Amino acid sequence: MRFGWRAISGPVLTAATLLLAMLFDRFLPTASPVPLLVGIVALAGALSGLASAITSAAVAVIGAALLLLGRHGVSGLTTTDLVQLGLLAITAAATAGITGLMRERLLGTVAAERRSHATAARLSAALDQVDIGIVLLDTETRAEFINRAFRDYFAVPDEIADGKPPFIALMYHGRDTGAFELPEDELGTFIAQRMEMVRIGDATPINIALRTGEVLRFVCAALPDGGRMLSYTPVTDLVRHTDAPSRADYYRSLRDPTGRRLIRHLRAAE
């Protein structure tokens, strides 16, 4: 037991209550302080734990015995007095044990939640460092987490990403910002197909071409809790099967957002 104000408050308050009861009892009969003592024991357990509560309970039982002896003396104690003293001991001990253990369990739960939040924060920070877009969806397909890469690929503002938008809203945002390298008349079908893949948890990988020239490989993974993890892996440097092998360097240069490869390719052509 640490000797802080929380640890000593229970025993001190118990002793003070008993001293006041003994003082008042000399001048006029006072009500039994037993209910108040039990409440103080519970308070001690809630504030500082089992050790403080047990100490308060012991002080309460000893003080109550001294109070009875002061009133009746040893020879004047009746069976009723002894029964009341025994009930006080049992009640105070039970109260100390229950409140002390409940506090320990509560502190353990809080500590576990803090560790869990710290781990989640580290994992979130780590996922923000990778170039793979990651989106975690709950069972209602709302985005619980969107990493930095996905936000950058699809130009999703932080205020939207942090608001846990539904996946359909992210798809429409990509459509409205012109993120996809698709004709407008095909966007509706494309979005419907992606929504269906997410709904059924289809893990078939597909390539998504962006207007920036980048190509992302989309994979949907079903999670045990019914949610989904969506990954968007950059595969821009991989040549499409439909690209002519002789013009592979040119196609790669077109997919380079900075244009550096295109400049090198044109220089080489000269």
Side-chain angles (χ1 to χ4, degrees), residues 1-13 39-58 92-170 173 197-203 205 216-234:
M1 180 176 66
R2 296 180 180 179
F3 288 96
W5 71 268
R6 291 176 179 270
I8 66 175
S9 60
V12 169
L13 190 56
I40 294 173
V41 170
L43 178 63
L47 285 177
S48 187
L50 183 60
S52 179
I54 289 294
T55 304
S56 300
T95 302
I98 292 173
T99 56
L101 293 177
M102 286 181 62
R103 182 178 187 275
E104 294 299 324
R105 175 170 292 186
L106 178 61
L107 290 178
T109 301
V110 171
E113 289 182 353
R114 287 178 178 175
R115 290 192 297 269
S116 177
H117 286 311
T119 300
R122 288 194 297 270
L123 180 59
S124 175
L127 291 178
D128 276 338
Q129 303 302 315
V130 301
D131 62 351
I132 300 175
I134 300 292
V135 178
L136 297 180
L137 304 178
D138 62 14
T139 55
E140 297 179 351
T141 70
R142 297 188 71 89
E144 292 186 320
F145 172 78
I146 302 175
N147 78 334
R148 180 55 53 188
F150 182 92
R151 302 183 191 204
D152 293 341
Y153 288 140
F154 295 95
V156 181
D158 289 342
E159 56 269 20
I160 294 179
D162 295 336
K164 296 185 177 181
F167 179 64
I168 184 67
L170 295 175
H173 174 80
M197 289 184 68
V198 170
R199 186 186 68 82
I200 65 177
D202 186 352
L216 305 177
R217 179 155 295 170
F218 169 80
V219 177
C220 172
L223 302 178
D225 63 354
R228 301 287 186 266
M229 185 183 77
L230 313 181
S231 62
Y232 296 78
T233 305

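Please read all numbers here as calculations on a predicted model, not as lab measurements.
Heavy-atom minimum distance, C220 versus R228: SG-CD, 3.7 Å. When every heavy atom of A93 is checked against every heavy atom of A57, the shortest pair comes out as N-CB, 4.4 Å. Shortest non-hydrogen contact noted between S231 and I132 is CB-CG2, 4.2 Å. Here the shortest heavy-atom pairing between P157 and H173 reads CD-CE1, 3.8 Å. Residue P165 comes nearest to I160 through the heavy atom pair CD-O, 3.2 Å, listed as atom of the first residue, atom of the second, then distance. When all heavy atoms are compared, the tightest approach of T139 to D225 is CG2-O, 3.2 Å.
Put simply, CD1 on I40 and CG on L47 are 11.5 Å apart, with the number rounded to the nearest 0.5 Å. Atom CD of residue E104 and atom CG of residue L106 lie 9.5 Å apart, to the nearest 0.5 angstrom. Taking CD1 of I200 as the reference point, atom CG of D202 lies at 4.5 Å (rounded to 0.5 Å). Taking CZ from F167 and CD1 from I146, the interatomic distance works out to 10.0 Å, rounded to the nearest 0.5 Å. In this structure, L137 CG and E144 CD are separated by 8.5 Å, a value rounded to the nearest 0.5 Å.
Within 6.0 Å of CD on E159 lie more than 12 heavy atoms contributed by other residues, nucleotides or ligands. Other residues, nucleotides and ligands contribute over 12 non-hydrogen atoms within 6.0 Å of the CE atom of M197.
Inter-residue side-chain proximity for P11 and S52 is flagged as met; some heavy-atom pair is nearer than 4.5 Å.
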| said: Applying side chain to side chain contact (heavy atoms under 4.5 Å, CB included) to T233 and L216, what does each step give before you reach the verdict? | reply: CA-CA 5 Å; T233 305; L216 305 177; over 6 Å; no
| request: I would like to know whether V110 and R114 meet side chain to side chain contact (heavy atoms under 4.5 Å, CB included); could you show each step before the answer? | output: CA-CA 6 Å; V110 171; R114 287 178 178 175; 3.7 Å; yes
| request: Could you walk me through whether F150 and L170 pass side chain to side chain contact (heavy atoms under 4.5 Å, CB included), step by step? | output: CA-CA 10 Å; F150 182 92; L170 295 175; 4.2 Å; yes
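The side chain to side chain contact (heavy atoms under 4.5 Å, CB included) with S56 is formed by just one residue from the set T95, V41, I8; it is V41.
The existence of a salt bridge linking R151 and D162 is confirmed by a sub-4.0 Å separation between a basic side-chain nitrogen and an acidic carboxylate oxygen.
One N or O on the side chain of T109 and one on the backbone of R105 form a donor-acceptor pair closer than 3.5 Å. Proximity of a side-chain donor or acceptor of N147 to a complementary backbone N or O of I134 within less than 3.5 Å is detected. Using modelled atom types, no side-chain atom of D138 and backbone atom of G227 make a donor-acceptor pair closer than 3.5 Å. For the pair R142 (side chain) and K164 (backbone), a donor-acceptor distance under 3.5 Å is present. At distances below 3.5 Å, not a single donor-acceptor pair connects side-chain atoms of S124 with backbone N or O atoms of A120.
Y153 has its ring centre no less than 6.0 Å from the ring centre of Y232.
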